[in-house]
Amino acid sequence: MKEFILASGNAHKAQEFRELFRGTLTVHPAPKTLEVEETGKTFTENAFIKAKAYFDTFGVPALADDSGLVVHALPDLLGVQSARFAPECLNYADKCRKLIELLQPKEDRTGYFICVLCFYLSPEEIYFFEGRVHGEIGLSLRGEHGFGYDPIFIPERNERDGMSLAELPEWKNEFSHRAKASLAALDFFKDSIDKTHKKP
Ligand code: ITT
């Protein structure tokens with residue numbers, strides 16, 4: 001089975017990957033969390049920078065996730081800067097409230113979460129997978145699950161009930177940006193996983 005260390009200091013991502021890759025890919029915690037400066041202009045560049053830093057330090061295959069929230073009406077905020085949005089806010093609940101406030105005068109509340117995964121097996125073998133989930137920013141915080149901007153993100157679903165990602169943990173596990181990127185990765189690695197599962 002393919003094994004990777006997780007090039008991330010975000011415990012919520014680690015928990016989601018445990019669910020997403022259960023029984024398929026093995027993702028171990030890294031021996032230590034590295035402070036990696038995310039200097040890239042795109043999610044792909046930042047995922048690469050993080051995965052490479054962990055591979056170079058620990059010498060084993062690494063998986064990095066760069067993700068964020070893109071809000072169409074606020075193109076210069078969030079995006080690759082999502083973790084650094086509103087630094088004056090002490091926690092994500094406050095960041096969410098700040099975002100709601102900034103969107104008050106805007107008509108367009110739509111946006112999407114994006115996740116880019118970088119699997120850095122060696123300098124010669126590096127793979128990227130992307131997933132997105134579209135939706136809109138709600139008018140208040142809802143739900144106790146998930147993390148980050150989940151309480152204000154209302155995903156587009158067939159059921160138009162206005163629930164946030166923080167109220168939909170099972171749905172998130174199947175249809176989120178991270179779930180879609182992970183499924184694409186699993187599909188790609190499937191052949192080698194199937195082979196290692198077969199008895200000689
Ligand atoms: P690592 O770089 O160590 O993995 P990080 O939290 O800094 O951890 P990013 O640089 O990828 O991760 O920043 C992602 C930001 O987008 C961060 O502020 C998250 O809260 C937010 N985000 C990403 N995925 C999310 C999700 O599934 N639900 C809610 N917010 C999310």
Side-chain angles (χ1 to χ4, degrees), residues 4-20 27-55 57-58 62-71 74 77-100 111-120 128-138 141-155 163-183:
F4 299 89
I5 53 164
L6 187 58
S8 171
N10 184 325
H12 300 283
K13 289 183 183 176
Q15 176 59 32
E16 289 193 6
F17 284 125
R18 267 194 294 280
E19 299 277 330
L20 291 166
V27 182
H28 301 286
K32 170 164 132 341
T33 302
L34 304 179
E35 288 297 324
V36 184
E37 221 192 320
E38 298 182 26
T39 51
K41 290 193 175 56
T42 63
F43 293 97
T44 304
E45 278 174 25
N46 280 337
F48 173 79
I49 289 169
K50 291 189 269 192
K52 182 175 187 307
Y54 277 74
F55 177 88
T57 304
F58 301 112
L63 160 62
D65 164 317
D66 201 57
S67 41
L69 178 62
V70 175
V71 176
L74 303 169
L77 302 174
L78 299 141
V80 281
Q81 300 293 338
S82 292
R84 295 169 285 284
F85 167 71
E88 71 280 9
C89 294
L90 295 180
N91 53 45
Y92 268 96
D94 283 348
K95 283 184 199 274
C96 288
R97 285 187 203 102
K98 177 81 191 173
L99 185 49
I100 291 171
Y112 60 92
F113 269 121
I114 173 169
C115 169
V116 174
L117 300 181
C118 175
F119 288 81
Y120 197 112
F128 295 91
F129 303 92
E130 184 184 303
R132 295 181 186 207
V133 61
H134 292 266
E136 58 183 39
I137 308 305
L141 281 74
R142 295 181 56 159
E144 303 297 325
H145 298 278
F147 67 99
Y149 302 100
D150 283 344
I152 53 167
F153 188 79
I154 318 286
M163 283 168 98
S164 79
L165 269 189
E167 295 177 293
L168 298 164
E170 282 90 22
W171 191 92
K172 184 179 185 192
N173 202 33
E174 213 170 333
F175 301 110
S176 75
H177 49 314
R178 189 162 294 105
K180 287 175 184 163
S182 300
L183 277 176

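When a ligand or atom number is given, it counts from 1 through the structure's own listing order. What you see is a predicted model; the values in this text were computed from it and never measured.
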Asp65 versus Ser67, side-chain donor and acceptor atoms under 3.5 Å: yes
Assign the ring pair [X] / [Y] to parallel, tilted or perpendicular, where the plane angle (0 to 90°) is split at 30° and 60°.
| X | Y | result |
| --- | --- | --- |
| Tyr149 | Tyr92 | perpendicular |
| Phe147 | His12 | parallel |
| His134 | Tyr112 | tilted |

Lys41/Val80 under side-chain contact (heavy atoms from CB on, under 4.5 Å): CA gap, chis, key distance, verdict: CA-CA 7 Å; Lys41 290 193 175 56; Val80 281; over 6 Å; no
Just which atoms of ligand 1 are under 4.0 Å from any heavy atom in [X]?
| X | result |
| --- | --- |
| Lys50 | 1 (P), 2 (O), 4 (O), 9 (P), 10 (O), 11 (O) |
| Ser82 | 15 (C), 16 (O), 18 (O) |
| His177 | 24 (N), 25 (C), 26 (C), 27 (O) |
| Asp65 | 4 (O), 11 (O) |
| Gly68 | 16 (O) |
| Lys172 | 26 (C), 27 (O), 28 (N) |

Selected option - heavy-atom contact closest to atom 10 (O) of ligand 1, from Lys13, His12, Glu38: Glu38
Nearest-option assignment for atom 3 (O) of ligand 1, heavy atoms, candidates Pro151, Gly9, Ala7: Gly9
To the nearest 0.5 angstrom, please state how far the [atom1] atom of [X] sits from the [atom2] atom of [Y].
| X | Y | atom1 | atom2 | answer |
| --- | --- | --- | --- | --- |
| Lys98 | Glu88 | NZ | CD | 5.0 Å |
| Lys50 | Leu63 | NZ | CG | 10.5 Å |
| Ile100 | Ile152 | CD1 | CD1 | 5.0 Å |

Could you tell me the residue and atom name of the protein heavy atom closest to [atom], and the distance to it rounded to 0.1 Å?
| atom | result |
| --- | --- |
| atom 6 (O) of ligand 1 | Asn10 ND2, 3.0 Å |
| atom 29 (C) of ligand 1 | Phe147 O, 2.9 Å |
| atom 14 (C) of ligand 1 | Ser67 O, 3.0 Å |
| atom 30 (N) of ligand 1 | Tyr149 N, 3.2 Å |
| atom 24 (N) of ligand 1 | Arg178 NH2, 3.0 Å |

Heavy-atom closest pair, residues Leu99 and Leu78: CD1-CD1, 3.6 Å
Pair Tyr120 and Tyr54, ring centroids less than 6.0 Å apart: no
Ligand 1 N/O within reach of Tyr92 N/O, cut-off under 3.5 Å: yes
Contact check: Asp150 vs ligand 1, nitrogen or oxygen atoms, below 3.5 angstrom: yes
Lys95 near ligand 1 by a heavy-atom separation under 4.0 Å: no
Asp66 touching ligand 1 at heavy-atom level, < 4.0 angstrom: yes
Cation-pi geometry met for Lys52 and Phe55 (6.0 Å, 45°): no
Proximity of Phe153 to ligand 1 by residue part, where a heavy atom lies under 4.0 Å: neither
